[in-house]
K.L.:
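Please find one structure pasted underneath; my questions will follow.
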Amino acid sequence: QVQLAESGGGSVQGGGSLTLSCQASGDVYMRNCMGWFRQAPGKEREGVASIIASGRATYTDSVKGRFSISKDNAKNTLYLQMNSLNPEDTGMYYCAYGPEIRCSSGAWLWPPTFDYWGQGTQVTVSS
């Protein structure tokens, strides 16, 4: 079992920045894939970015150049630096954990890739 706890959400004006954190605990294995997903009201959960232990990462097109995912393997902590935020970035942001092989096989931003999920942290961007 892996437990995930997100933090860092909040309200920000358009153009602003936020950094999300996700602390993983429990049976955390080095060869994992961790990712960030988001869900806006009335919309499906969307993959934002994911990363494996080597540092290789993937982003959805809408956040490329604005968001940066990183991971501190020693601390089992995942981060998402979000810059130039706009109202379309509003939603509940979830941290997810799964086996590295699923991400490295190509399913980087597919929800079934991940076995464990956090409770989410809300991000609200006003115009």
K.L.:
Quick check for you: to the nearest 0.5 Å, what is the distance between Trp108 atom CH2 and Ile52 atom CD1?
P.N.:
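Nearest 0.5 Å value for the CH2-CD1 distance: 4.0 Å.
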K.L.:
Under 3.5 Å, is there a donor-acceptor pair between the side chain of Arg31 and the main chain of Glu100?
P.N.:
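Judged by distance alone, no pair lies under 3.5 Å.
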K.L.:
What pair of heavy atoms forms the shortest contact from Ser17 to Asn83, and how long is it?
P.N.:
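Looking at all heavy atoms of both residues, the shortest contact is OG-OD1, 3.0 Å.
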K.L.:
Please give me the minimum heavy-atom distance between Gly35 and Phe114, naming the atom from each residue.
P.N.:
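Smallest heavy-atom distance, with atoms named: N-CE2, 3.8 Å.
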K.L.:
Is a side-chain donor or acceptor of Glu6 paired with a backbone partner of Gln119 at a separation under 3.5 angstrom?
P.N.:
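Yes, the answer is positive, given that a donor and an acceptor are paired below the 3.5 Å cut-off.
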K.L.:
Are Gln13 and Ser126 close enough that a side-chain donor and a side-chain acceptor fall under 3.5 Å?
P.N.:
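Side-chain D/A pair, Gln13 to Ser126: absent.
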K.L.:
Specify the closest pair of heavy atoms between Pro112 and Arg102, including all atoms of both residues, with the distance to one decimal.
P.N.:
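Between these two residues, the closest heavy atoms are O-NH1, 3.6 Å.
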K.L.:
Show the nearest heavy-atom pair for residues Ala53 and Lys71, with the distance to one decimal.
P.N.:
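It is N-NZ, 3.8 Å.
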K.L.:
So, the side chain of Gln23 versus the backbone of Thr77: is there a donor-acceptor pair under 3.5 Å, distance only?
P.N.:
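No, the answer is negative, given that no donor and acceptor are paired below the 3.5 Å cut-off.
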K.L.:
Could you check Ser50 against Leu109 for side-chain contact (heavy atoms from CB on, under 4.5 Å), going step by step and ending with a plain yes or no?
P.N.:
CA-CA 7 Å; Ser50 59; Leu109 300 176; 3.9 Å; yes
K.L.:
With no hydrogens and no angle check, is any side-chain donor or acceptor of Asp27 less than 3.5 Å from a backbone partner on Gln1?
P.N.:
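Yes, Asp27 side chain to Gln1 backbone: donor-acceptor pair under 3.5 Å.
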K.L.:
Suppose clustering is done on Ile, Leu, Val, Met, Phe, Trp and Tyr with side-chain heavy atoms closer than 4.5 Å. Which residues sit in the same group as Val28?
P.N.:
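Val2, Leu4, Val12, Leu18, Leu20, Tyr29, Met34, Trp36, Val48, Ile51, Tyr59, Val63, Phe67, Ile69, Leu78, Leu80, Met82, Leu85, Tyr93, Tyr97, Tyr116, Val123, Val125, all in the cluster of Val28.
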K.L.:
Would you check if Cys103 and Thr113 make a side-chain contact, meaning some heavy-atom pair closer than 4.5 Å?
P.N.:
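They are in side-chain contact.
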K.L.:
Out of the candidates Thr60, Thr121, Thr90, Asp89, only one should pair with Arg38 under the side-chain hydrogen bond (donor to acceptor under 3.5 Å, both in side chains) rule; please name it.
P.N.:
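For Arg38, the side-chain hydrogen bond (donor to acceptor under 3.5 Å, both in side chains) test succeeds with only one of Thr60, Thr121, Thr90, Asp89, which is Asp89.
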K.L.:
Identify the heavy atoms of Ser127 and Pro87 that sit nearest to each other, and give their distance.
P.N.:
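Reported closest heavy-atom pair: CB-CG, 3.8 Å.
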